[in-house]
Amino acid sequence: VAEALELRSTNGLPLLESVGGSFSIFSTFKIAALSGFTSLARVGGYVVIESNDFVNLNGLRGLTEIGGNLDLQNNQLTSLNGLTSLTRIGGRLVLSEALLQSISGLDAVEAIGGSVSVSFTSLPEINGLRSLTRIGEDLLIENNSRLTNLDGLAGLQSINGELVVVGNQFLSSCTCGIGRLLSEGGGVTRARIQTNAPGCNTPEEVQASDSCATSAEENTPEPSVAT
């Protein structure tokens, strides 16, 4: 569904269980909620949801598997709670949602075949990725205005590419999340860690800490929220 400027609802496909190709919805500004896809369990290709007014993804609560990429960009999403059934993403994961405050809907995802990019969000933490153990390509965490720690990546055992953590002004606690990747190799081909808060400004700084930092509330002033 693309640039359907007068479309007001996505109801009408309640029995759809599988899409062999790709599933994309973008620029549907008159649809307030994604609905009508509650039986959809599998998408063989990519899922792209971009530039809509959706505030949640509850209409995809039955989705368990995506064979390709999952791209969520420039919607009005504050959480990903509608994706609680999702266990596998075969391609990349891209999250670029200015209002996004929680990714707990990704709790069941254990492996992502491609890269992971989290940028320009309002996330204070990324605990929704606690089950994630493997990333097939790069890990990029960039320009998240409220992010204070990477503890949610503590279970991540390996990536197979570049590690980029850049431009997160309140991010001071990185050791729990990515320290092991750096100290034990973890498949990191190149690490670029800079322009974050003290404590997470270089790979050496992250590795220098011998334990997980204390909570963000104790270490970092509460980020101000623009009004």
Side-chain angles (χ1 to χ4, degrees), residues 1-17 19 22-43 45-66 68-89 91-109 112 116-132 140-148 152 168 170 216 222-227:
V1 180
E3 297 183 355
L5 302 182
E6 297 302 318
L7 188 65
R8 298 178 182 273
S9 172
T10 54
N11 289 325
L13 296 169
L15 301 181
L16 182 65
E17 297 180 353
V19 173
S22 298
F23 178 98
S24 62
I25 301 178
F26 59 92
S27 300
T28 57
F29 299 113
K30 292 188 178 181
I31 301 177
L34 181 62
S35 58
F37 301 103
T38 53
S39 296
L40 183 61
R42 180 182 182 278
V43 175
Y46 57 74
V47 173
V48 177
I49 300 175
E50 182 177 347
S51 300
N52 303 286
D53 285 342
F54 305 147
V55 298
N56 64 63
L57 297 175
N58 292 346
L60 296 176
R61 59 182 177 271
L63 186 61
T64 62
E65 179 182 353
I66 298 172
N69 306 330
L70 173 58
D71 286 14
L72 303 174
Q73 300 188 62
N74 302 319
N75 301 289
Q76 302 297 311
L77 300 174
T78 58
S79 77
L80 303 182
N81 290 341
L83 298 177
T84 52
S85 298
L86 187 62
T87 60
R88 176 179 177 270
I89 301 172
R92 69 172 184 246
L93 170 65
V94 175
L95 300 176
S96 185
E97 295 281 349
L99 302 180
L100 192 61
Q101 299 177 33
S102 170
I103 55 174
S104 59
L106 298 176
D107 288 336
V109 177
I112 295 174
V116 172
S117 174
V118 181
S119 63
F120 297 101
T121 74
S122 295
L123 292 168
E125 41 77 16
I126 52 177
N127 289 345
L129 295 176
R130 282 193 179 277
S131 296
L132 186 62
L140 305 98
I141 301 175
E142 302 173 283
N143 302 304
N144 297 282
S145 61
R146 302 189 67 205
L147 189 64
T148 60
N168 308 283
F170 291 104
E222 178 65 21
S224 59
V225 180
T227 57

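Just so you know, residue 1 is the first one in the sequence shown, and it goes up from there.
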Go through the structure and list residues passing side-chain hydrogen bond (donor to acceptor under 3.5 Å, both in side chains) with Ser104, not counting sequence neighbours. Asn81, Ser102

Once side-chain hydrogen bond (donor to acceptor under 3.5 Å, both in side chains) is applied, do any residues pair with Glu142, and if so which ones, sequence neighbours excluded? none

Thr38 side chain reached by Arg61 side chain, heavy atoms, under 4.5 Å: yes

Tell me every residue that passes side-chain hydrogen bond (donor to acceptor under 3.5 Å, both in side chains) with Glu65, counting only those two or more places apart in sequence or in another chain. Arg88

Between Ile103 and Leu123, does the side-chain contact (heavy atoms from CB on, under 4.5 Å) criterion hold? Intermediate values first, please. CA-CA 8 Å; Ile103 55 174; Leu123 292 168; 4.0 Å; yes

Evaluate the criterion side-chain contact (heavy atoms from CB on, under 4.5 Å) for residue pair Val47 and Ile25; output intermediate values, then yes/no. CA-CA 8 Å; Val47 173; Ile25 301 178; over 6 Å; no

Heavy-atom donor-acceptor pair, Asn75 side chain to Phe54 backbone, under 3.5 Å: no

State the OH-OG distance between Tyr46 and Ser22, to the nearest 0.5 angstrom. 4.5 Å

Checking Asn127 now: which residues fulfil side-chain hydrogen bond (donor to acceptor under 3.5 Å, both in side chains) with it, not counting sequence neighbours? Glu125, Arg130

If every non-hydrogen atom of Gln101 is compared with every non-hydrogen atom of Pro124, which pair is closest and at what distance? O-CD, 3.4 Å

Would you check if Leu93 and Val109 make a side-chain contact, meaning some heavy-atom pair closer than 4.5 Å? no

According to salt bridge (charged side-chain N to carboxylate O under 4.0 Å, His left out), who are the partners of Arg92, at least two apart in sequence or on a separate chain? Asp71

Sort out for me which residue in Thr64, Leu63, Leu70 forms a side-chain contact (heavy atoms from CB on, under 4.5 Å) with Val43. Leu63

Atom OG of Ser117 and atom CD of Gln73: how far apart are they, to the nearest 0.5 Å? 8.0 Å

Going through the checks in order, is the side-chain contact (heavy atoms from CB on, under 4.5 Å) test met by Ile141 and Asn168? CA-CA 8 Å; Ile141 301 175; Asn168 308 283; 4.1 Å; yes

What are the two closest heavy atoms between Asn56 and Asn58, and how far apart are they? OD1-N, 3.0 Å

Test side-chain contact (heavy atoms from CB on, under 4.5 Å) applied to Leu86 and Asp107, Leu106, Leu57, the passing residue: Leu106

Not counting sequence neighbours, which residues clear ring-ring contact (aromatic ring centres under 6.0 Å, His included) with Phe23? List them please. Phe37

Cut-off 3.5 Å, side chains only: do Glu97 and Asn74 have a donor facing an acceptor? no

Rounded distance [0.5 Å steps], OG in Ser24 versus CG in Asn69: 12.0 Å

Should we say atom CD of Gln76 is surrounded by more than 12 heavy atoms from elsewhere, each under 6.0 Å from it? yes

Is the shortest heavy-atom distance from the side chain of Leu77 to the side chain of Val55 under 4.5 Å? no

List the steps and the verdict of side-chain contact (heavy atoms from CB on, under 4.5 Å) for Leu60 and Leu40. CA-CA 7 Å; Leu60 296 176; Leu40 183 61; 4.3 Å; yes

Minimal heavy-atom distance between Ala108 and Thr84, with the atoms involved, is CB-O, 4.1 Å

Testing the basics here: between Asn144 and Thr121, what is the closest heavy-atom pair and its distance to 0.1 Å? OD1-OG1, 2.8 Å

Is there a side-chain contact between Leu132 and Ile112 (heavy atoms, below 4.5 Å)? yes

